[in-house]
Structures are given as C-alpha cells and as structure tokens.
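One structure is given here, and the rest of the page talks about it.
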Amino acid sequence: MGDAIRINTPVTSEQLKILKAGDSVLISGVIYTARDAAHKRLVQLMKEGKDLPVNLNGQIIYYVGPAPAKPGYAAGPAGPTTSGRMDPYTVPLLERGLKGMIGKGIRSAEVIEAMKKYGAVYFGAVGGAAALISRSIKKVEVVAFEDLGTEAIHRFYVEDFPAIVIIDSEGNNLYEIEPPKYRR
Amino acid sequence: MREIRAELIKETVKDLFMKANYFAGEDLVCKFKEAKKKEESPIGKSVLDQIIQNAEIAARERIALCQDTGMAVLFVELGQDVRIAGDDFNEAVNAGVREAYEQGYLRKSVVDDPLFDRKNTGDNTPAVVHLEIVKGDRIKFIAVPKGFGSENMSSIKMLTPAEGVKGVKDFVVGSVLKAGPNPCPPVVVGVGIGGTMEKAALLAKKALTRPLDRRHPDERYAQLESEILNLINSSGIGPGGLGGRTTALAVNIEYFPTHIAGLPVAVNISCHAYRHAQATI
C-alpha cells in the first residue's frame with residue numbers, strides 16, 4: 001500500500017478525480033453520519049419538497065451508528081455499517097451534491113452509475129475497527145433527528161480519518177479488482 | 001435444591017455483556033496474528049493490522065471493540081436443582097442486559113416492533129435467551145452479543161438427504177461467498193446440521209460459542225470443518241473483503257439427529273469481532 005493521500009472536506013468532483021480505487025486516504029474536516037432511519041427521513045423530506053437539515057453539497061456521509069462516548073472521550077466506538085442498506089436512498093442524495101460515502105460492503109449498480117455521473121467516491125473503513133477509528137474523531141455534534149438516538153445525523157470533526165478508496169469516480173471497484181488476484 | 005438470588009443472575013449477565021464487548025478472546029487475537037503473518041495481500045495485511053490494533057485499544061481502554069454491540073443473545077444452562085429467589089428469571093436477565101448497555105457505554109440497537117414502529121427500546125432489551133435444563137445445581141451463562149452486519153448474512157436451507165456432504169459444502173461455502181465483504185471478514189462460520197429448521201439455526205448460533213482452536217470431536221465433522229474453511233479461503237475475498245487469503249478464521253459445525261426425510265443446514269456468520277463470554281454460578 002502506498003502513502004496515504006490527505007483530503008479535506010468539503011470536496012469537489014475535481015479534487016476527487018485524482019483518487020483511484022485502492023488508494024489509502026486520511027480524511028480531515030467535517031463528515032456527517034447517517035444510516036438507515038436517517039436516510040429514509042432525508043429522502044422523505046426531498047419527496048415532500050422540504051429543506052434538508054444538512055446542506056449536502058460537497059459533503060461526505062459516514063454510514064455509522066456510534067456507540068456512546070465514555071466520559072472524557074470525544075466519541076464512542078464508531079466503525080462503518082453495511083452500506084448496501086443505504087442503496088435505495090443514495091441516488092437522490094448524490095443528485096443533491098453528496099460527494100462521498102464511507103462504509104463497508106458492496107454497492108448496487110444504480111449507485112455506482114450515479115457516482116460516475118456526479119463524480120462521487122465510495123470510501124471504505126475497516127468494518128469493526130470501531131475503537132481505532134474513534135481516535136480520529138475529535139468532536140461530535142447532533143445536527144438532526146435527535147429522536148433517532150444512535151441513528152441521528154451527527155456532525156463529526158475528524159482528523160486523519162483512515163479510509164481506502166473502494167469505488168472511485170470512474171466506477172473502478174476494489175471489491176472486483178483485488179479478490180480475483182488471490183483466488184485459487 | 002440450591003437457591004440462587006436473581007440479583008446474582010443480573011450481576012453475572014451484566015458483567016458478561018460488558019466483558020464480551022470489550023475483550024477479544026485470546027484464541028481470537030492469536031488467529032488474527034497468525035493470519036497477518038500468512039496474509040499475502042498488502043491491503044489484507046493492513047486490514048488485519050488495524051483489527052489487531054483495534055482489539056488492543058478496546059481492551060486497554062475498556063471500550064467496545066465494535067460500535068455494533070449487538071443484540072444480547074444468551075445461552076443458559078439451568079441446573080434442575082436450582083431455585084431462583086427474588087425477582088423472576090427473565091426480569092433478572094433483562095435487568096443485567098439493561099445495566100450492561102447503559103453503564104458500559106454500549107450501543108442500544110434493539111427496536112420494539114420489527115416491521116411497523118421500529119422504535120428503539122432504549123436499553124437494548126429484550127435479550128434473546130436460549131434456555132436448556134441440565135443436571136446439577138448451577139447456572140451457566142454464555143453471552144454472545146450479535147451484530148447484524150454478519151447476522152444479516154446468515155441463511156438456512158432444508159436439503160434433501162440425497163444432497164449429503166456435497167450439498168452441505170456447497171450451501172455453506174455459497175452463503176459465505178455471497179455475503180462477500182458485508183459481514184466484516186475474516187469471519188467465523190457457525191454451521192448447524194440436523195434437527196428441525198429452528199434447531200439447525202440454534203445449533204449454528206451455538207457453534208459460534210466454541211473456542212477457535214477447538215475442532216469438532218467427531219473426526220468426520222472436524223474434517224468437513226477444515227475442508228469448508230479451505231474452500232472459503234480459496235475465494236480471495238480476504239480481510240475486509242479487499243482481497244487476500246484470510247476470509248474465514250474458522251468453521252465450527254454442530255449437529256443433531258434429524259428426521260429420515262430431511263437434512264436441515266443453517267449458517268450463522270460472525271464477523272471478526274467473534275465475541276462471547278461465559279460464567280457459571
């Protein structure tokens with residue numbers, strides 16, 4: 001693995017173009033959390049023509065439901081959840097300017113097509129490495145849907161959040177590229 | 001008749017769910033290190049390295065290994081010469097789960113109604129309890145917090161007896177390959193064979209409580225475990241699903257007698273956070 005590429009949020013499609021499937025990245029800045037229930041609500045608001053609680057333009061969403069933080073800690077353990085569950089809601093968010101997603105696991109063909117169309121990147125974090133990842137989260141605020149508890153939309157201020165480019169903005173997919181090399 | 005206070009049951013359950021969520025077992029950490037040494041993929045090696053570091057941080061700081069601290073699954077072996085005094089048994093178990101998840105800074109992931117309301121119960125109860133009555137005057141608890149990244153990848157199939165060993169192999173390997181990167185590989189594969197549909201599912205889950213360095217005592221099943229493990233690790237899925245030799249750490253099979261007409265097989269997958277803790281009171 002090569003040296004990690006540092007990126008700062010918010011991002012543009014132009015900036016993301018240099019990232020290729022397999023690149024290690026360290027993300028700094030603000031990222032937003034959202035998982036199943038929050039996605040459902042975001043898409044519902046869009047259907048009703050209402051404003052979203054977060055301006056998604058140039059932003060990255062992290063699919064995570066963090067564990068509570070112990071006293072003295074900025075964040076609780078926070079590893080990625082399975083991204084595929086968000087597939088039915090992702091295309092409209094990409095249309096709204098979402099530029100990146102962090103999760104784990106495979107994405108649907110529709111999502112990958114929309115990522116190519118809108119110049120977005122799908123990052124992977126190591127599933128289950130929740131305690132390790134939480135070290136890069138410096139501050140946490142709840143910004144919307146507080147009633148959803150762990151599924152509320154949180155704003156994470158991160159420094160050097162470790163991720164890997166799984167699907168780049170051209171649609172190259174690490175899950176398709178790497179495993180065949182090790183198949184017997 | 002030995003009397004066991006409900007309060008002790010509560011405290012034991014509480015302790016076990018905290019312990020299971022903070023500490024990766026020694027057998028598991030050994031497997032991680034062994035896998036990292038053998039792993040040929042540089043990305044796979046780096047994923048294993050992060051998994052090892054993660055387990056060290058969680059244990060040292062007493063924080064959860066994974067943010068998905070699971071639904072609280074509990075296997076209980078209740079001695080028939082035990083009398084439970086004080087609160088009722090189920091209340092005591094759920095009180096233990098409630099306190100573990102509240103006081104242990106563990107995520108509450110349980111919703112009350114699976115289909116319509118999906119409102120979080122706020123304390124990770126109710127627990128899923130599997131009770132077995134055994135001889136003696138003790139109670140044994142095995143806590144298995146189960147995350148749903150891997151639980152969602154589990155499956156069951158009612159094979160015909162004619163499908164035999166090949167049918168079992170194809171189904172188990174197929175289930176793991178289909179799951180791909182989703183259940184957080186390297187995984188541990190629990191397999192239940194026989195009984196009825198629900199018994200096979202329960203055996204598959206129980207298989208996930210066996211230490212990783214222990215093979216099935218019946219040589220034929222032990223052989224099948226190792227064959228299936230090799231087939232899975234030939235897939236190339238690798239750590240994190242990002243390619244490599246380590247897709248599964250172990251395959252644990254449990255069996256039970258079944259009907260002349262059937263061959264039920266269930267696959268319950270655990271992510272690399274292969275968590276369980278046990279105690280006897």
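It should be emphasised that the depicted structure is a prediction, and the values quoted were computed from it without experimental measurement.
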Region of A/Ala129 in contact with chain B, defined by heavy-atom distances below 4.5 Å: both
side-chain contact (heavy atoms from CB on, under 4.5 Å), that's the test. Do A/Thr81 and B/Asp68 meet it? Break it down for me. CA-CA 8 Å; A/Thr81 195; B/Asp68 186 351; over 6 Å; no
Could you check if a side-chain atom of B/Glu40 sits within less than 4.5 angstrom of a side-chain atom of A/Lys181, using non-hydrogen atoms only? no
Here the pair of heavy atoms bringing B/Ala64 nearest to A/Ala131 is O-CB, 3.8 Å
Okay, A/Ala37 and chain B: the region with an atom under 4.5 Å from a heavy atom over there is neither
A/Lys104 vs B/Cys184 side-chain heavy atoms within contact, under 4.5 Å: yes
Would you mind checking which part of B/Asn182 comes under 4.5 Å of any heavy atom in chain A, side chain (CB onward), backbone (N, CA, C, O), both or neither? both
Proximal component of B/Glu61, with respect to chain A [non-hydrogen, under 4.5 Å]: both
Without swapping roles, check the side chain of B/Arg107 against the backbone of A/Thr150 for a donor-acceptor pair under 3.5 Å. no
Heavy-atom proximity to chain A below 4.5 Å, by part of B/Ala58: both
Highest number of heavy-atom pairs under 4.5 Å with chain A: which of B/Ala273, B/Ser235, B/Gly238, B/Gly240? B/Ser235
Should A/Ile164 and B/Leu242 count as side-chain neighbours, where that means a heavy-atom distance under 4.5 Å? yes
Can you find a pair of side-chain heavy atoms, one from B/Tyr105 and one from A/Pro71, that are under 4.5 Å apart? yes
Atom group of B/Leu106 that falls short of 4.5 Å from chain A, counting heavy atoms: backbone
Between B/Gln67 and A/Gly79, is there a donor-acceptor pair closer than 3.5 Å when you use the side chain of the first and the backbone of the second? yes
Knowing that exactly one of B/Asn54, B/Val47, B/Leu48, B/Asp49 qualifies, which makes a side chain to side chain contact (heavy atoms under 4.5 Å, CB included) with A/Val126? B/Val47
So, do A/Pro68 and B/Glu102 sit near enough that their side-chain heavy atoms are less than 4.5 Å apart? no
Which atoms of B/Ser41 come close to chain A, meaning under 4.5 Å heavy atom to heavy atom: side chain ones, backbone ones, both, or neither? both
Kindly state each residue pair satisfying salt bridge (charged side-chain N to carboxylate O under 4.0 Å, His left out) with at least one member in residues 70-88 of chain A, sequence neighbours excluded. A/Asp36-A/Arg85, A/Asp87-A/Arg107
Separation between CG (A/Leu132) and CD (B/Gln50), nearest 0.5 Å, reads 5.5 Å
Heavy atoms only, distances under 4.5 angstrom: which of B/Arg62, B/Glu56, B/Lys119, B/Lys108 has the most pairs with chain A? Name it, please. B/Arg62
Counting heavy-atom pairs under 4.5 angstrom with chain A, the leader among B/Gly241, B/Gly149, B/Ala179 is B/Gly241
Given a strict heavy-atom distance threshold of 4.5 Å, which part of A/Pro180 is in contact with chain B: side chain, backbone, both, or neither? neither
Select one option (side chain, backbone, both, neither) describing which atoms of A/Ile177 are under 4.5 Å from chain B's heavy atoms. neither
Listed by residue number, which members of residues 39-54 of chain A have a heavy atom under 4.5 Å from any heavy atom of chain B? none
Value for CD1 (B/Ile237) from CD (A/Glu178), rounded to nearest 0.5 Å, stands at 13.5 Å
Approximate separation, where rounding is to 0.5 Å, of B/Asn233 CG and A/Arg183 CZ: 13.5 Å
Assess whether salt bridge (charged side-chain N to carboxylate O under 4.0 Å, His left out) is satisfied between A/Glu151 and B/Arg118, documenting all intermediate values. CA-CA 12 Å; A/Glu151 290 199 81; B/Arg118 294 195 68 88; over 6 Å; no
